[in-house]
Amino acid sequence: MRLSVILPIYNERENLKPLLEELASVLRAYPDSEVIAVDDGSTDGSSDALLELAQQFRFLRVIVLATNYGQTAAIAAGMDAATGDIVLPIDADMQNDPADIPWLLVKIEEGFDIVSGWRKNRQDAYLRSFLSRIANQLIRTASGQSIHDYGCTMKAYRRSVVANLGLYGDMHRFLAAYAAVNGARVTEIVVHHRPRTRGVSKYGFGRVWRVLLDIFLLTFFLRSFTRPMQFFGAIGLSSILLGIATIIGAIVIRLVGGPTLIETPLPVLSALFIIVGIQCVLMGVLAEMLMRTYFQSSNRKPYLLR
Ligand code: UDP
Ligand code: MG
């Protein structure tokens, strides 16, 4: 098994050397492996430091992105460049512990496609860990899967499984959920988590909203990505039926001697339901057209092979 460790790096200069030293001692047991360091537009000289370190560490390959694209893009660049059968991203701030790598690989050898790290004893501020627990619960509900720590970067993936997923946006947090819905066998093990001792966290409170919106998208994409008409159509038809029921209700009220049609808000409500319903159905048609273009113009397949 060839292993490609992927390090997304944004202003982590001080962490690079100690991290690579830790990796070196772990990777001694995996002679054929590589570490792909992806500099995500750092401004603290991380890329120069990496190029220098590449002289010292033979397993190190360095990719320098043109600007700061974000952690997902950095991981995607690393996965694209990876040559190993297993890709294994870890944070470059030393919060993940390379000593856990062999344990992740053991699970891969047992036949799992993805082994997720679980920072059971998380070393971050209480509020962050708390919000992250809520987010994880939402993702579990959306995906029907039972992984604890989607946000943990440290996960081992069979490359064949992630190759077809098309990473973009902030999606690295949801890879395990997307892959599982596509049939990947996913499991988890508890990994160490250490407090950050050098450099600063790259995320602030703004992440809360972005993750929430992403979870909303995830719910849609997991269930209905390849059949949007069924999703929008169901909402649309329900709304139209509701509209028809409302107007019938208004007429019945009138017939049994209640207020006339113009004395109740029901006709307006009915029109609203019906218009929204038709819009939803048309939205489904549009989304179907987008899907067809998508699958025809990209080489993505709507299935994965075992
Ligand atoms: N990172 C990155 N690009 C970014 C932000 C972060 O490559 O735009 C990297 C960062 O260098 C680190 C990892 O992603 O290796 C996780 O970031 P951080 O430790 O700041 O996140 P936290 O642990 O605070 O959630
Ligand atoms: Mg960190």
Side-chain angles (χ1 to χ4, degrees), residues 4-23 35-50 53 60-82 87-98 100-101 116-136 139 148-157 167-176 191-212 214-215:
S4 301
V5 176
I6 295 170
L7 307 175
I9 295 164
Y10 182 56
N11 294 346
E12 306 284 1
R13 191 186 174 111
E14 300 306 315
N15 286 310
L16 297 174
K17 191 163 194 235
L19 177 62
L20 285 166
E21 275 160 2
E22 284 189 352
L23 279 167
V35 172
I36 303 183
V38 185
D39 175 49
D40 185 19
S42 297
T43 52
D44 69 342
S46 288
S47 59
D48 291 335
L50 283 170
L53 288 164
L60 181 62
R61 294 173 59 202
V62 180
I63 294 177
V64 182
L65 301 185
T67 182
N68 179 228
Y69 291 102
Q71 195 182 349
T72 298
I75 292 173
M79 287 184 172
D80 287 343
V87 290
L88 202 158
I90 72 174
D91 280 346
D93 57 0
M94 299 191 72
Q95 291 200 263
N96 294 135
D97 185 351
D100 289 317
I101 290 178
S116 169
W118 173 12
R119 298 164 294 178
K120 196 170 182 180
N121 187 3
R122 195 168 162 176
Q123 302 294 319
D124 280 325
Y126 178 76
L127 181 64
R128 281 190 62 173
S129 313
F130 176 72
L131 290 172
S132 148
R133 267 214 298 284
I134 297 180
N136 281 310
I139 303 174
H148 284 90
D149 195 357
Y150 290 92
C152 181
T153 308
M154 186 173 208
K155 292 182 166 58
Y157 306 86
L167 266 171
Y168 72 96
D170 278 342
M171 204 176 123
H172 69 273
R173 291 194 193 94
F174 307 109
L175 262 190
V191 295
H192 296 105
H193 194 239
R194 308 179 287 194
R196 199 188 241 282
T197 51
R198 303 180 197 83
V200 291
S201 171
K202 307 303 178 302
Y203 297 104
F205 204 70
R207 173 160 67 178
V208 173
W209 304 120
R210 284 184 279 141
V211 169
L212 270 182
D214 278 346
I215 292 174

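Counting convention: from 1, in listed order, for ligands and their atoms alike.
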* How about Pro18 and Arg198: do any of their side-chain heavy atoms sit closer than 4.5 Å? -> yes
Between [X] and [Y], is any side-chain donor less than 3.5 angstrom from a side-chain acceptor?
X      : Y      : answer
Asp91  : Gln71  : yes
Gln123 : Ser129 : no
Asp93  : Asn15  : no

message: For Tyr203, I'd like to know if atom OH has over 12 heavy atoms of other residues, nucleotides or ligands within 6.0 Å.
response: yes
Tabulating one pair per line, provide the atom names and distances (0.1 Å) for every N/O atom of ligand 1 that is less than 3.5 Å from a protein N/O atom.
from	atom 1	to	atom 2	distance (Å)
ligand 1	3 (N)	Asp40	OD2	2.6
ligand 1	7 (O)	Ile9	N	3.4
ligand 1	8 (O)	Asp40	OD2	3.3
ligand 1	8 (O)	Asn68	ND2	3.1
ligand 1	11 (O)	Tyr10	N	2.8
ligand 1	11 (O)	Glu12	OE2	2.7
ligand 1	14 (O)	Gln71	NE2	3.4
ligand 1	15 (O)	Pro8	O	2.8
ligand 1	15 (O)	Ala92	N	2.8
ligand 1	19 (O)	Asp93	OD2	2.5
ligand 1	19 (O)	Arg196	NH2	2.9
ligand 1	20 (O)	Arg196	NH2	3.3
ligand 1	20 (O)	Lys202	N	2.6
ligand 1	23 (O)	Gln95	OE1	3.0
ligand 1	24 (O)	Arg128	NH1	3.1
ligand 1	24 (O)	Arg128	NH2	3.2
ligand 1	24 (O)	Ser201	OG	2.6
ligand 1	25 (O)	Arg128	NH2	2.7
ligand 1	25 (O)	Arg207	NH1	3.3
ligand 1	25 (O)	Arg207	NH2	3.3

Exercise. Start with the C-alpha gap between Asp149 and Arg119, add the side-chain angles, then the distance that decides, and say whether salt bridge (charged side-chain N to carboxylate O under 4.0 Å, His left out) holds.
Key: CA-CA 7 Å; Asp149 195 357; Arg119 298 164 294 178; 2.7 Å; yes
query = So does Lys202 pair up with Glu12, basic N to acidic O under 4.0 Å?
reply = yes
Backbone or side-chain N/O/S of Gln95 under 2.8 Å of the Mg ion (ligand 2):
yes
The atom of Asp93 among N, O or S that is nearest the Mg ion (ligand 2) is OD2
